[in-house]
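Here is how names work: the chains are called A, B, and so on, in the same order as the sequence lines, proteins then strands, and each is numbered from 1. Computed from a predicted model, the values in this text were never measured in an experiment.
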Amino acid sequence: MYQPNKIEPKWQKIWAKNNYKNWHAQDKPKGKHIYILDMFPYPSGEGLHVGHIEGYTASDILSRYYRMKGLDVLHPMGWDAFGLPAENYALKTKKNPKKVVSQNIKYFRKQLQQMGFSYDWQREINTTDPNYYKWTQWIFLQLYKNGLAYEDEVPVNFCPSCKTVLADEEVVEGKCERCGSAVVRKKLKQWILKITAMADRLLKDLDLLDWPARVKTMQKNWIGRSEGVEVEFKVVGQNEHLKVFTTRIDTIFGVTYLVLAPEHELVPKITKENYKDEVENYVKKALQKSDFERQFASKEKSGVFTGAYAINPSNRERVPIWISEYALINYGTGAIMGVPRHDERDLAFAQQFHLPIKEVVSSDGTLINSGPFNGIPYKKAQEKIALYVGGEKTVRYKLRDWIFSRQRYWGEPIPIIKCEKCGLVPLRENQLPLKLPEIKKYEPTGKNESPLADISSWVNVKCPQCKGPAKREANTMPQWAGSSWYFLRYLDPKNKKKLVDLKKEKVWMPVDIYIGGVEHAVLHLLYARFWHKFLYDLNVVSTPEPFIRLVNQGIILGEDGEKMSKSRGNVISPNDIIEKYGADSLRMYEMFMGPLPFAKPWNSQGIIGIYRFLNRVWSLATNSRLSLRGVKRRSNLKESDLKMTNEAKKKLKENLKEIEKARHRTIKKVTEDIESLRFNTAISALMEYVNQLFEIPQEKINQKHRETLVLLLSPFAPHLAEELWQTALKHRKSVGFEKWPVFKSELVEEKSFILVVQINGRIRDKMKVQKGIDEVQAQKIAKESKKVKKYLDKQKIKKVIFVKDRLINFVTTPQN
RNA sequence: GCGGACGUGGUGAAAUUGGAAAACACGUAGGACUUAGGAUCCUAUGCCGAAAGGCUUGUGGGUUCAAGUCCCACCGUCCGCACCA
């Protein structure tokens, strides 16, 4: 009897011997090797959910499969444990974050081991371990030394609930990605990473990657490259110039006003006395609004006139200068030229404030009202007009630099000392890691500083340069720091001298297959690419991209088809499923639900089908009865016991002949499907094979049939396979390192096929015939069919289409 | 609004290159075995029809001997971005 709750713990214990040495990958393997990586989890208090298991099962199947194919497989696991979720949870439960994290990790590790995932636990890493974050800090120092980390006072996103600044990537629809509070804009001095310096490479190198189209598109849009022209408008009566950015320089003759962002630095300078009160009022109001309010609450355009005018360089016309929220300070130059006739937003604004509207591109796409450029197609005119108005070609990106400091306790300390005399002084590399002090009060202060600022024993230090009094940088790094390079540390987790040994790095990088959720498309995946390119420039790594192939698993929805959530009460707990059906059933069901990238609703009934299947496998391999009692299984009977009609005898003979072919066909199908990550159809193929084995008497099933079944099943259901391999089939060694079965192509090939006979494209008959017959033979056979004759009667055959080994189609016309 | 993915039975889904639509499961119905069945086994199961046969891959058109697959238009769903000049 198949009892998963007995055999699963048994094999898990055996696999755990010597810290899972069987799954330990060589540092420098001699033969073929493959790096199969999961997005490592954030060890929350909730434990693993079914979504984690989906991706992790897929990667485990691949890992086990490639080991059986004889490859060296690197399949590691670790913990991404710094950041807000752990800290908020710790605050809520009034515990120490370090303790919380270590408890959660313990629970996660246990759950992963209960699933039978074949990780190389000797390479386990933890981003909150000082031996790990030493290197996160080291990378920061290199960024600083290379001018890619800088401190600046800029308008930043601030979450009032989490009491910290956030990166643009962490703001979703104007709200904090973590807690959902509306984000407000503040001007604060922050550490910033110059990701924009890599914008072009991050965009171009997307071409090197085998990633899902939507992730590439998301990154492309996020980087948001646009080519345009910067052009200056002189302010009337002042020695000031307003620089605007436009992608449509050809419409400059149609400019009827200019707009500045409320935060634009020239606003106070150019505003005329009579307009000052109104302008200041508007600016003040705008600054108080959250991003959410500014972007979504009011679709109507707002704005005020500054009283100032500027000269349009194309036609010398005087145009009014306005300010409005719809000009964004952090894109382009923060100032735009208003062309109401040819831009929807400008049109809305012009209509609101009764500004003139001027047409400069006619319906046929040529310029009008544009002085010397009239009659030229607008595209062609762009270059000439840019030259004419003294504009400068520029490339602009939506991507903004990465705000890198957080006013929270639970993160990597930034290894910088601030000295009044010497300014910013980086720690020396031999002073790393700069450990996060253990403190009692780690609540965020809300004072735009991390709680570390209040720990005087930690924060007050001597300046390494002048030995005078100085302070440590008290802000910490964001959650994304540790995950931006973790896949490198797996290669060399204990190296004390280097982040990673270059020789080991050269062997294993880049990651061959990276499996994880799509939610990191513009966060982790963008940050990791950025750091990787930087490390590539430093010769710390040898490849420009870290992840060649990315696969997103689709989310698993609740039974109601909605996203699983506690409030909906539709969360499926892996623990319950394991208890009821075992980890092998859970693994296989999640793979059987549908294609890996699809979103799929859970179905409690569905897993029963898998459980039944594994029971059938058990009974086949152990040669035992399937049911508990009272059931006559056909294959328990001797051939002579069967009441054999002639037809039944014939069918049996056929089945026996077919079964060896079926074995080879199944090997082929399962092998190909695993390699292309079509696990659902691989499992279907295994089911079909089992169904076929059930069609023949038990004594006709030989060891080879059973062994093939167990071998092919082993990546999917490793516990069951191991049990059957060693107990029922009497092998000594683990099934996980047996040779993957091979098929003979001559046995996969069928000798006959079903010839489909069509008349005018409609199927009229089917018949089993020898493969390889030619058109003449096929015609002859087809025409012998009564059904076909009926339709060909009184018809003239106009044309015959013959597709070899598939079909024959008679195209006819009535004879008269 | 812009960009992307997609639309097949009661449900999850299969379907190499344009060549048998619905594999494999779930569910349902009937039967077997049973003190019992929510275990197990067998049979049936896209729709209409007694049958012959006809119809069927969101809708409408097109290309083709042949379309789930290719082309055009429309409808719908999901996801991402969203005043980016």
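Screening A:Glu559, A:Glu590, A:Glu54 against A:Lys600 for a salt bridge (charged side-chain N to carboxylate O under 4.0 Å, His left out) leaves a single residue, A:Glu54.
In this model, the phosphate group of B:rG53 is not approached by any side-chain N or O of A:Arg764 to a distance below 4.0 Å at OP1 or OP2. Taking side-chain N and O atoms only, A:Thr217 has no distance below 4.0 Å to OP1 or OP2 of B:rC81. Taking only side-chain nitrogens and oxygens, A:Gln605 comes nearer than 4.0 Å to OP1 or OP2 of B:rG27. For B:rC55, one of the phosphate oxygens OP1 or OP2 lies less than 4.0 angstrom from a side-chain nitrogen or oxygen of A:Arg762. At B:rC26, one or more side-chain N or O atoms of A:Arg612 fall inside 4.0 Å of OP1 or OP2 (strictly under the cut-off). Using a 4.0 Å cut-off, no side-chain N or O of A:Tyr326 falls inside it from OP1 or OP2 of B:rA85. At B:rA20, none of the side-chain N or O atoms of A:Lys766 fall inside 4.0 Å of OP1 or OP2 (strictly under the cut-off). Between A:Arg665 and B:rA23 there is no side-chain polar atom (N or O) within less than 4.0 angstrom of OP1 or OP2.
Summarising the geometry, the separation between CD1 on A:Ile763 and P on B:rA22 is reported as 9 Å, rounded to the nearest angstrom. The distance between atom NZ of A:Lys799 and atom C1' of B:rC65, rounded to the nearest whole Å, is 6 Å. Atom CD in A:Glu325 sits about 19 Å away from atom P in B:rA85, given to the nearest Å. If you take CD1 of A:Ile329 and P of B:rC83, they are 15 Å apart, rounded to a whole angstrom.
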Its contact letters, B for base, S for sugar-phosphate only and - for none at protein heavy atoms under 4.0 Å, make nucleotides 8-13 of chain B read ----BS
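Under a cut-off of 6.0 angstrom, the local environment of NZ in A:Lys804 is sparse, with at most 12 non-hydrogen atoms contributed by other residues, nucleotides or ligands. The environment of A:Gln3 atom CD is dense: over 12 non-hydrogen atoms of other residues, nucleotides or ligands sit within 6.0 angstrom.
Residues of residues 800-809 of chain A having a heavy atom closer than 4.0 Å to RNA chain B, listed by number: A:Ile801, A:Val803, A:Arg806, A:Leu807, A:Asn809.
For the pair A:Lys301 and A:Phe349, the NZ or CZ position fails the cation-pi test of under 6.0 Å to the six-membered ring centre and within 45 degrees of the ring normal.
With B:rA25, B:rA20, B:rA85 as the choices, the nucleotide that has an atom nearest any side-chain atom of A:Ala327 turns out to be B:rA85. Considering only side-chain atoms of A:Ile754, the nucleotide from B:rA25, B:rG54, B:rA20 that sits closest is B:rA20.
Of the N and O atoms on the side chains of A:Trp222 and A:Glu169, at least one donor lies less than 3.5 Å from an acceptor on the other residue.
Annotation: of the two residues near RNA chain B, A:Gly332 and A:Glu688, the 5′-most nearest-nucleotide partner is A:Glu688.
Taking only distance into account, the side chain of A:Lys398 never meets the base of B:rC81 through a donor-acceptor pair shorter than 3.5 Å.
Pairing partner, B:rC78: B:rG4, with both Watson-Crick or wobble hydrogen-bond distances short of 3.5 Å.
Note on A:Arg225 versus A:Asp200: salt bridge recorded, some NZ/NE/NH1/NH2 to OD/OE distance being below 4.0 Å. A salt bridge does not link A:Glu688 with A:Arg665: every distance from a Lys NZ or Arg NE/NH1/NH2 to an Asp or Glu carboxylate oxygen is 4.0 Å or more. By the 4.0 Å N-to-carboxylate-O rule, A:Asp673 lies close enough to A:Lys669 to be salt-bridged with it.
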Please list, for nucleotides 44-51 of chain B, all pairs of protein and nucleotide N/O atoms separated by less than 3.5 Å.
none

